[in-house]
Amino acid sequence: MTQAPLRRLIDLPGLDALEMKALMKPRLADPETRDEFPEIAEAAKAAFGLTPDEAEAVALPADWDGIERLTGFDLTDAFEAEGWDVTDGKRKPLRMLAHWTLPLALAMRGVAGELPFQPEPGPDDRGDDWGSKMAAEATRFRKR
């Protein structure tokens, strides 16, 4: 059985545009300047159902692991273990990840907020090359 592909954070609505904007304006990625950029709260609300400020106000469960305090590849590995790719095309953590970490963690664990709908993978999305296997089997059948 193959593992389901990781869900990419950058594919959620509005996050790719902000990631590109942070490339041009690095202050956007700094959590200390979040109040200066209302588009961060808007994108988080659209993607996770809560803003970073609302996420910080949520009472965390007693068994919370503190994923929001991790940094770098420890953070990317923790999210990957839960089915999320939080890296860019070069496998580096996203610039804006500090803004999305807590809202994403709360939403994916069902504590607060919600994640956008993602359909179940169909036969063409399995990743096990099902179509090629069927074509090879059909060729073998015809040769008999």
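Bear in mind that the values here come from a model prediction, so they are computed numbers and not experimental data.
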Could I get the full list of salt bridge (Lys or Arg N to Asp or Glu O under 4.0 Å) partners for [X], not counting sequence neighbours?
| X | result |
| --- | --- |
| Asp11 | Arg8 |
| Lys92 | none |
| Asp30 | none |
| Glu42 | none |

>> Could you check whether any side-chain heavy atom of Leu104 comes within less than 4.5 Å of a side-chain heavy atom of Leu97, counting everything from C-beta outward?
In response: no
Between [X] and [Y], which heavy-atom pair has the shortest distance, and what is it?
| X | Y | value |
| --- | --- | --- |
| Thr51 | Ala44 | CA-CB, 4.1 Å |
| Ala98 | Pro31 | CB-CG, 3.5 Å |
| Pro52 | Ile40 | CG-CG2, 4.2 Å |

>> Taking side chain to side chain donor-acceptor pair (under 3.5 Å) as the definition, give me every residue that meets it alongside Arg69, ordered by chain and number, with sequence neighbours left out.
In response: none
> For Asp53, what residues pass the side chain to side chain donor-acceptor pair (under 3.5 Å) criterion, not counting sequence neighbours?
Replying inline: Arg34
>> Here's a test for you: under side-chain contact (heavy atoms from CB on, under 4.5 Å), which of Thr87, Leu94, Thr71 qualifies with Thr76?
In response: Thr87
>> Using a strict threshold of under 4.0 Å (side-chain N to carboxylate O), is an ion pair present between Glu68 and Arg109?
In response: no
